[in-house]
Amino acid sequence: MIAEVIVDIATSAIDRKFDYLVPERYTSVVQVGSRVKVPFGPREIMGFIVGLKEETDVDIQKQKELMDVVDLHPLLTTEMMELAKWVKQDTLCLEIDVLQMMLPAALRSTYEKVVVLEKPDLIKDEELIALFGSKNFFVLPKDIDSTTVKKLKRLADEGILSFETVMKQKTAVKKIAYLELSQDTTIFQQVKEALTANAKKQLALLDKLASENRTSIAMKEITNEWGFTKAVVDQLVQKGIGTITEKEVYREPVDFQSVEKKSPLQMTEEQQIAYEKVLHSFEQHRAETFLLHGITGSGKTEIYLQMIAHALSVGKQAIMLVPEIALTPQMTERFVERFGSQVAVLHSGLSAGEKYDQWRKIHRSEVKVVVGARSAIFAPFENVGVIIMDEEHESTYKQEDSPRYHARDIAIWRSEYHNCPVILGSATPSLESFARAQKGVYTLLTLVNRPKSQPLPPVQIVDMREEMKKGNRSVFSIDLVEAMRNRFSRNEQVVLLLNKRGYSSFVLCRDCGTVMNCPSCDISLTYHRANERMKCHYCAYENPVPTSCPSCQSDHIRFFGSGTQKIEEEIAKLFPAEKMLRMDVDTTRKKGAHASILQAFGNQEASILLGTQMIAKGLDFPNVTLVGVLSADTALFVPDFRAAEKTFQLLAQVSGRAGRHDKEGNVILQTYSPEHYAIQFSKAHDYQGFYRQEMFYRHEGKYPPYTFIGSIIFSHEDLLSVSDYAMKSVQWLRENLPDSVEVIGPSIASISRLQNRYRYQCLLKYRKDEDVGHLLHQLQNVYKTHYMKNGYHLSITKNPSVLM
DNA sequence: TAGGCAGCAACA
DNA sequence: GTTGCTGCCTAA
Ligand SMILES: [Zn+2]
Ligand SMILES: [Zn+2]
């Protein structure tokens with residue numbers, strides 16, 4: 001038998017199947033989807049079996065046997081392997097990268113080089129002896145200097161030492177030791193009678209066991225809570241009262257006991273209609289995509305819950321995607337309330353072990369519902385009944401680095417595989433999705449009423465130019481200050497949004513204006529207050545903040561925070577009695593900080609929550625009756641065709657935060673461009689109006705959804721080389737692409753240098769994937785054969801979420 | 001002429 | 001991604 005194996009090496013030349021002979025003893029255990037240990041050149045590495053066959057074209061002399069079958073049960077389903085092939089083809093990435101991404105990080109193998117001392121008496125060099133310490137081996141560090149390596153290699157040639165590569169698995173299954181008591185109850189009496197008088201502890205433990213009347217007790221409980229040492233237990237085990245066994249346990253991030261079970265809510269007529277349309281499609285086993293457009297508070301989640309419940313009732317599984325930032329404990333609780341321990345949760349806050357355990361529960365079908373962020377779309381269920389993506393417009397559903405997949409595309413692919421519906425839900429759908437719904441590619445479902453909430457809050461626009469004329473130079477308009485004062489007098493809460501997308505704090509010299517930049521990237525360094533250091537977001541560079549300016553030696557160094565600090569001071573002056581919580585990149589760097597700030601605000605520990613766009617999601621607070629947007633327009637003027645769409649989505653989202661409950665809410669938008677349509681339509685809560693206006697501009701500019709965008713980045717350490725490569729490539733594209741494809745560039749990329757590499761960018765606007773797919777593959781092949789080895793980089797992103 | 005080192009193909 | 005081979009250069 002022959003196994004087709006994709007090996008664990010992420011290089012394009014290796015990213016294909018290799019045939020291995022299956023030794024006789026493994027023929028009954030090898031399965032497609034299992035991992036295997038294989039010889040590859042002089043090494044041993046991990047690989048995935050992607051096929052089994054009886055014959056191979058490979059030279060008989062080249063053929064090798066696989067060494068070991070690692071998994072007795074396949075890790076990857078047939079579906080996942082097919083999906084990986086499609087993702088490779090569609091996003092121009094490596095198949096092995098997709099396969100690795102489908103599995104939890106804990107299953108990834110790592111490789112270590114170990115130096116083993118063979119003849120200890122023949123080694124003279126003191127430095128080398130020190131490396132071994134008292135052992136006869138050491139792990140070769142990655143950053144070891146080359147002279148030491150040379151010395152070691154020489155000794156290896158003489159046979160004094162040898163190099164070995166060790167394959168390691170990161171995290172294993174967690175096991176807990178249990179004392180299993182014997183079934184034979186007479187043994188206890190026998191042992192007890194045979195005890196000598198000085199065996200007081202053993203006697204006490206026997207009595208305790210008798211009083212507990214359990215058959216299995218965790219060793220931890222016996223030692224920590226009952227206060228017996230392991231020696232006492234061991235002695236009794238030796239006398240035959242039972243055995244110590246290891247039991248597999250799951251590291252469980254959700255406490256199911258503490259969550260009260262809840263029944264489905266009565267749906268409104270509008271919800272019922274939407275639900276039944278999906279249900280009909282579900283019953284027909286159709287792979288239909290629904291766009292559920294419902295304003296904030298219109299009850300989309302109840303439709304999700306009931307659809308999932310129905311899928312489970314006929315033995316199917318469900319995948320529920322939520323953007324990472326909205327995946328709060330409150331969010332997951334809603335699912336646990338309905339489905340109890342049938343829910344698995346996957347998000348970035350889990351440890352590697354917890355993620356692995358959640359994944360195993362999914363893989364073994366011990367849970368039926370997955371609630372998770374982007375990567376949860378790869379949940380290895382085998383009988384999916386419905387896939388739901390909440391807030392489908394979120395750009396975080398697109399993975400920024402390879403494999404550059406969009407969760408929406410994966411969702412639709414999987415729905416076709418399982419013949420089940422997909423629900424894309426949003427209050428402000430992406431233009432792409434809404435346009436597809438208009439064309440009938442997706443089925444549009446609309447919710448316009450808010451069953452439990454007040455009508456959408458009135459939005460007031462404050463023209464900050466007028467404030468300037470009145471002589472108010474503060475970031476707070478007179479109206480906003482007045483409204484805030486009014487809320488505080490009623491003991492209500494206020495949310496303030498500082499709309500400064502993408503800005504982080506930087507370090508600047510006040511005398512000459514020099515901004516501290518990364519020496520290897522054309523980007524300013526980010527100031528980290530916690531340790532007084534400056535870091536580069538794009539490479540590993542890190543340095544303490546200088547005491548004097550490197551270009552003019554002045555010591556007037558200033559830090560520009562995300563802007564929230566300055567506003568914090570101003571609030572303290574205006575409302576000295578009010579407590580405030582700040583939420584921005586600085587205060588949420590630590591894991592869990594985000595959730596704890598929101599929780600504190602929910603507990604009324606402060607009356608003001610000030611933050612950047614990250615506050616737009618998450619909890620809804622019943623006591624918040626005013627949302628103030630300090631600078632509604634700053635994101636409008638970034639050079640991105642989605643700027644208006646993103647601004648509208650953000651404003652719509654924060655507006656929904658005010659007055660979701662019995663109290664009436666208000667929104668105040670401060671702006672320097674009150675006439676802009678994104679702001680005007682936000683005020684009117686008019687998605688459709690915004691959609692029509694924005695579609696007009698997209699049509700004018702030939703932007704999505706009228707076209708698709710492809711972004712190609714060329715980079716090299718040498719500026720002239722990369723400009724030459726970019727020019728040649730783009731010229732070739734122009735000559736070979738059909739006229740319907742617009743080729744823009746090449747031009748210097750917006751981040752012109754990254755990790756010491758100069759960057760050029762080219763943009764493609766095309767209408768059909770077939771128009772560019774073939775040529776992009778060809779461009780990549782030319783890159784692999786002629787450019788890659790000379791230090792060039794080529795990166796192709798289809799439908800980038802940001803134009804960088 | 002041995003030793004060293006960069007460049008490169010092969011990995012089943 | 002690594003490895004070991006090849007051919008060229010350099011120091012003795
Ligand atoms: Zn950098
Ligand atoms: Zn200066």
Side-chain angles (χ1 to χ4, degrees), chain A residues 1-24 26-27 30 32 34-70 81 88 93-101 105 108-116 139-168 170 401-403 716-718 721 780-795:
Chain A
M1 203 191 317
I2 308 286
E4 297 179 306
V5 175
I6 291 190
V7 295
D8 183 21
I9 294 175
T11 315
S12 57
I14 307 297
D15 194 50
R16 59 188 175 88
K17 291 181 275 193
F18 285 85
D19 291 350
Y20 284 89
L21 299 167
V22 179
E24 193 58 39
Y26 287 131
T27 48
V30 283
V32 171
S34 291
R35 288 173 302 164
V36 282
K37 220 163 122 183
V38 292
F40 197 75
R43 300 177 288 163
E44 291 165 21
I45 53 171
M46 199 70 95
F48 296 92
I49 302 182
V50 294
L52 290 168
K53 57 188 183 183
E54 288 306 325
E55 277 168 43
T56 176
D57 303 333
V58 174
D59 255 26
I60 190 108
Q61 297 138 37
K62 282 186 170 184
Q63 291 177 16
K64 283 186 187 170
E65 287 190 337
L66 57 87
M67 307 170 73
D68 201 3
V69 180
V70 181
M81 286 182 286
K88 172 186 183 168
C93 67
L94 300 177
E95 195 168 341
I96 185 66
D97 277 340
V98 188
L99 294 176
Q100 293 284 21
M101 186 190 53
R108 220 157 288 164
S109 321
T110 50
Y111 302 88
E112 259 176 6
K113 235 188 238 168
V114 175
V115 186
V116 184
V139 178
L140 198 69
K142 285 250 190 288
D143 54 351
I144 193 157
D145 64 300
S146 57
T147 43
T148 316
V149 175
K150 264 178 228 163
K151 282 189 206 165
L152 290 169
K153 278 199 174 144
R154 203 166 303 148
L155 292 177
D157 288 343
E158 293 169 36
I160 295 170
L161 45 82
S162 63
F163 288 93
E164 270 175 43
T165 315
V166 182
M167 199 186 328
K168 278 197 166 180
K170 273 184 197 153
D401 34 51
S402 179
H716 193 272
E717 285 185 6
D718 178 53
S721 310
Q780 205 174 46
N781 285 337
V782 174
Y783 158 68
K784 284 176 199 164
T785 49
H786 292 87
Y787 287 93
M788 198 165 71
K789 49 182 171 247
N790 296 322
Y792 291 91
H793 271 200
L794 174 77
S795 153

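Each chain gets a letter, A, B and so on, in the order its sequence line appears, and its residues count up from 1.
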Yes or no on salt bridge (Lys or Arg N to Asp or Glu O under 4.0 Å) for A/Glu112 and A/Lys168, after CA distance, side-chain angles and deciding distance? CA-CA 8 Å; A/Glu112 259 176 6; A/Lys168 278 197 166 180; 3.5 Å; yes
Which residue pairs pass the ring pair (Phe, Tyr, Trp, His ring centres under 6.0 Å) test with at least one member in residues 38-61 of chain A, sequence neighbours excluded?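 Of all non-adjacent pairs touching residues 38-61 of chain A, those that pass ring pair (Phe, Tyr, Trp, His ring centres under 6.0 Å) are A/Phe18-A/Phe40.
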List for me each residue that meets side chain to side chain contact (heavy atoms under 4.5 Å, CB included) alongside A/Asn781, sequence neighbours excluded, and say none if there are none.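 Result, side chain to side chain contact (heavy atoms under 4.5 Å, CB included) vs A/Asn781: A/Lys784.
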What side-chain donor-acceptor pairs closer than 3.5 Å can you find for residues 54-62 of chain A, not counting sequence neighbours?
unit_1, atom_1, unit_2, atom_2, d
A/Thr56, OG1, A/Asp19, OD2, 2.6
A/Thr56, OG1, A/Val58, N, 3.1

First contact, last contact: which nucleotides of DNA chain C are these for chain A, 5' to 3', heavy-atom distance under 4.0 Å?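 In short, chain A contacts DNA chain C from C/dG1 to C/dG4.
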For a quick check, with a 4.0 angstrom heavy-atom cut-off, what is the B/S/- contact string for nucleotides 4-11 of chain B, read 5' to 3'? SS-----B
For [X], which residues count as a side chain to side chain donor-acceptor pair (under 3.5 Å) partner, sequence neighbours excluded?
{"X": "A/Tyr783", "result": "none"}
{"X": "A/Ser12", "result": "none"}
{"X": "A/Lys88", "result": "A/Asp15"}

Students often get this wrong, so: under 4.0 angstrom with heavy atoms, is A/Lys153 touching a base, only sugar-phosphate, or nothing?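 Touches nothing.
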Those residues that, when tested against A/Glu65, pass salt bridge (Lys or Arg N to Asp or Glu O under 4.0 Å) (two or more places apart):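 Scan of A/Glu65 (salt bridge (Lys or Arg N to Asp or Glu O under 4.0 Å), adjacent residues dropped) gives none.
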